[in-house]
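Let me begin by handing over the structure; questions about it come next.
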Amino acid sequence: MENKQNQSVQQNQSMSNSAVAENWSPASWRGFTAWQQPSYQDTAALESVTSQLANEPGLVATGEIDRLKKELAAVAKGKAFLLQGGDCAESFAAHSESAIEKSLRVLMQMAVVLTYGGRMPVVKIARIAGQYAKPRSSDFEKKGDVSLPSYRGDIINGVGFTDEDRIPDPARMMTAYQQSVTTLNTMRSLLQGGLANLQEIHQLNLDFAHKYSTTDRFLEMASQIEHSLQFMEACGIAIDSPYLSETRVYTSHEALLLPYEQAFIRQCPETGKWYNRSAHFIWIGDRTRQLDGAHIEMLRGLENPIGLKVGPSMQPDELVTVCQKLNPNNEAGKLTLIARFGAKKINDHLAILVEAVQQAGLNVIWSCDPMHGNTVTAEQGLKTRRYEDIFQEIESFFDIHQKLKSFPGGIHLELTGADVTECTGGAIGLNEADLEARYHTQCDPRLNVDQSIEIAFALSDYLVAGR
Ligand code: PEP
Ligand code: CO
């Protein structure tokens with residue numbers, strides 16, 4: 001694989017060097033400490049799989065990546081809103097057409113409500129078609145007297161609590177790639193085939209509002225959207241026209257497993273720029289964002305729009321340095337800071353970071369991940385999150401930005417289109433005793449379909465009220 005990359009670098013020697021970050025190559029991360037990586041026993045198998053992957057077609061096109069960055073530039077300028085969401089961890093076993101359809105549909109339903117509430121376009125990015133690698137707080141998982149290496153996502157090892165399952169297996173990378181290919185193909189055909197039909201999506205939102213008709217606001221807002229659609233039709237705008245029915249949903253995942261990510265770094269022959277073609281948008285997790293670490297090194301050389309998780313340990317000067325490293329040309333739309341503090345901590349941490357970014361004049365999108373700082377353990381031992389904490393963190397995020405005259409650009413959620421019971425609360429009124437009924441996540445608890453749509457309605461109301 002490296003030979004192939006060297007060849008392409010040589011072929012492009014005549015290209016202006018400004019397209020490539022200084023002292024960077026797709027493999028330069030190997031000279032830095034890479035956190036949260038599995039240690040593969042069979043290094044020959046690892047080499048063989050990664051070279052095979054490097055010869056496989058990329059999952060997304062460079063033109064699509066550029067287009068997303070342009071759309072995100074509008075978010076950075078306060079003219080659009082970012083909705084990012086999906087599974088905490090995709091699973092090989094749960095892969096199905098209907099699961100993909102449900103995930104897309106819930107994002108679409110939320111986007112319609114947010115577009116109406118925010119009066120601006122919504123850029124939709126799913127955590128899908130590659131979200132298979134998980135950072136872990138502990139290297140080992142203990143059950144009773146047995147301690148085994150932690151599950152690190154289906155691309156690395158198996159979720160079963162057995163010695164065999166937990167051995168990292170490079171062949172899983174090929175399965176992850178193949179499954180991402182079929183996921184993406186399904187997404188593309190569903191989106192072109194009418195899944196995004198505005199009237200149908202709106203009907204589902206109306207059904208939701210009727211189901212929870214004790215909350216007047218849902219019905220009120222759904223009927224306002226209804227009137228807007230009727231108005232559009234009366235004006236002669238066909239709401240089933242392809243223009244309104246086809247929509248874009250971009251793909252994203254955490255760029256955690258670096259040998260896999262490297263296999264998809266490809267150089268554009270025309271411009272000499274380097275793209276990670278495994279997804280449109282990739283992000284660096286809160287546990288792998290060390291300034292001198294391998295993840296920052298790899299991502300700093302890429303053209304893709306990237307995300308950086310920002311948790312309570314981030315210091316203001318550190319944030320400024322990392323932003324300058326990841327976005328040296330201060331391009332709008334290039335960098336999304338995904339704040340994940342927890343409802344209790346956000347008020348102590350976010351404002352000072354927003355101010356540091358403002359003072360340094362950095363172009364970033366601020367997005368709110370109200371999931372990862374709000375994980376608690378229910379009495380029976382299941383990890384859960386409370387709807388109330390999630391929404392409270394979103395409210396604080398909006399309040400802080402409003403006070404500082406900064407744009408709250410988006411939300412980043414772990415959610416599913418299925419009717420699971422993993423987070424408590426919301427209008428659906430799930431409590432801890434309900435969690436066991438349909439607790440299907442391979443990793444963190446996700447909002448279910450109704451809780452997700454409720455977030456969109458509640459947030460829209462907030463967006464309107466905040467004006
Ligand atoms: C995640 O988004 O799944 C994740 C692990 O987040 P964080 O890095 O913020 O903990
Ligand atoms: Co998670």
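Numbering of residues begins at 1 and proceeds along the displayed sequence. Since this is a predicted model, take the numbers as computed values, not measurements. Atoms within a ligand are numbered from 1 in the order they appear, just like the ligands themselves.
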> Quick one: are Ile390 and Gln451 in side-chain contact, heavy atoms under 4.5 Å?
Replying inline: no

>> Under 6.0 Å between ring centres: does that hold for Phe457 and Phe218?
In response: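 Between Phe457 and Phe218, the centre distance is under 6.0 Å.
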
> Do ligand 1 and Asp444 have nitrogen or oxygen atoms that lie under 3.5 Å from each other?
Replying inline: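 Asp444 vs ligand 1: no N/O contact under 3.5 Å.
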
>> Can you tell me which portion of Met371 lies within the under-4.0 Å heavy-atom range of ligand 1? Options are side chain, backbone, both, or neither.
In response: neither

> Which heavy-atom pair separates Asn363 from Ala332 by the least distance, and what is that distance?
Replying inline: CB-CA, 4.0 Å

>> Can you name the atoms of ligand 1, numbered from 1 with element, that are less than 4.0 Å from a heavy atom of Arg127?
In response: 1 (C), 2 (O), 3 (O)

> Should the proximity of Cys443 to ligand 1, defined as any heavy atom under 4.0 Å, be assigned to the side chain, the backbone, both, or neither?
Replying inline: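 Neither part.
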
> Closest N/O/S atom of Asp444 to the Co ion (ligand 2), by atom name?
Replying inline: OD2

>> Set out, in order, the CA-CA distance, both residues' side-chain angles and the distance that settles side chain to side chain donor-acceptor pair (under 3.5 Å) for His295 and Glu254, then state yes or no.
In response: CA-CA 10 Å; His295 291 80; Glu254 177 172 349; over 6 Å; no

>> Tell me the nearest of His372, Arg289, Arg136 to atom 4 (C) of ligand 1, using heavy-atom distances.
In response: His372

>> Distance under 4.0 Å to a non-hydrogen atom of Gly285: what atoms of ligand 1 satisfy this?
In response: 8 (O)

> Going by distance only, is there an N or O of Lys309 that falls short of 3.5 Å from an N or O of ligand 1?
Replying inline: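 Min N/O separation from ligand 1 is below 3.5 Å for Lys309.
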
>> For Phe281 and Trp283, take the angle between the two ring planes, folded into 0 to 90°, and tell me which bin it lands in: parallel under 30, tilted 30 to 60, perpendicular over 60.
In response: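 The arrangement is tilted - the two ring planes meet at 30° to 60°.
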
>> From the N, O or S atoms in Glu414, identify the one nearest to the Co ion (ligand 2).
In response: OE2

>> Geometry only, no angles: is His412 polar-contacting ligand 1 at N/O separations under 3.5 Å?
In response: no

>> Tell me the protein heavy atom at minimum distance from atom 8 (O) of ligand 1, and give that distance in Å.
In response: Asp286 N, 2.8 Å

> Can you find an N or O of Arg287 that's nearer than 3.5 Å to an N or O of ligand 1?
Replying inline: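 Right, the criterion is met.
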
>> At less than 4.0 angstrom from any non-hydrogen atom of Arg340, what atoms of ligand 1 do you find?
In response: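 Selected atoms, number and element: 7 (P), 9 (O), 10 (O).
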
>> Between Arg172 and Tyr132, does the side chain to side chain donor-acceptor pair (under 3.5 Å) criterion hold? Intermediate values first, please.
In response: CA-CA 10 Å; Arg172 287 175 166 271; Tyr132 295 105; over 6 Å; no

>> I want to know whether Phe341 and Phe397 have ring centres closer than 6.0 Å.
In response: no

> Going through the distances and angles, do Asp66 and Tyr275 end up as a side chain to side chain donor-acceptor pair (under 3.5 Å)?
Replying inline: CA-CA 10 Å; Asp66 290 340; Tyr275 291 79; 2.9 Å; yes

>> Can you tell whether the side chains of Glu393 and Lys345 come within less than 4.0 Å, N to carboxylate O?
In response: no

> Between Arg438 and Glu422, is the closest basic N to carboxylate O distance under 4.0 Å?
Replying inline: no

>> Report whether any nitrogen, oxygen or sulfur of Cys443 sits less than 2.8 Å from the Co ion (ligand 2) (N, O or S, backbone or side chain).
In response: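 False for Cys443.
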
> What residue and heavy atom of the protein are closest to atom 5 (C) of ligand 1, and at what distance?
Replying inline: Pro135 CG, 3.7 Å

>> Between ligand 1 and Asp369, is the shortest N or O to N or O distance under 3.5 Å?
In response: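 N/O-N/O distance under 3.5 Å: no.
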
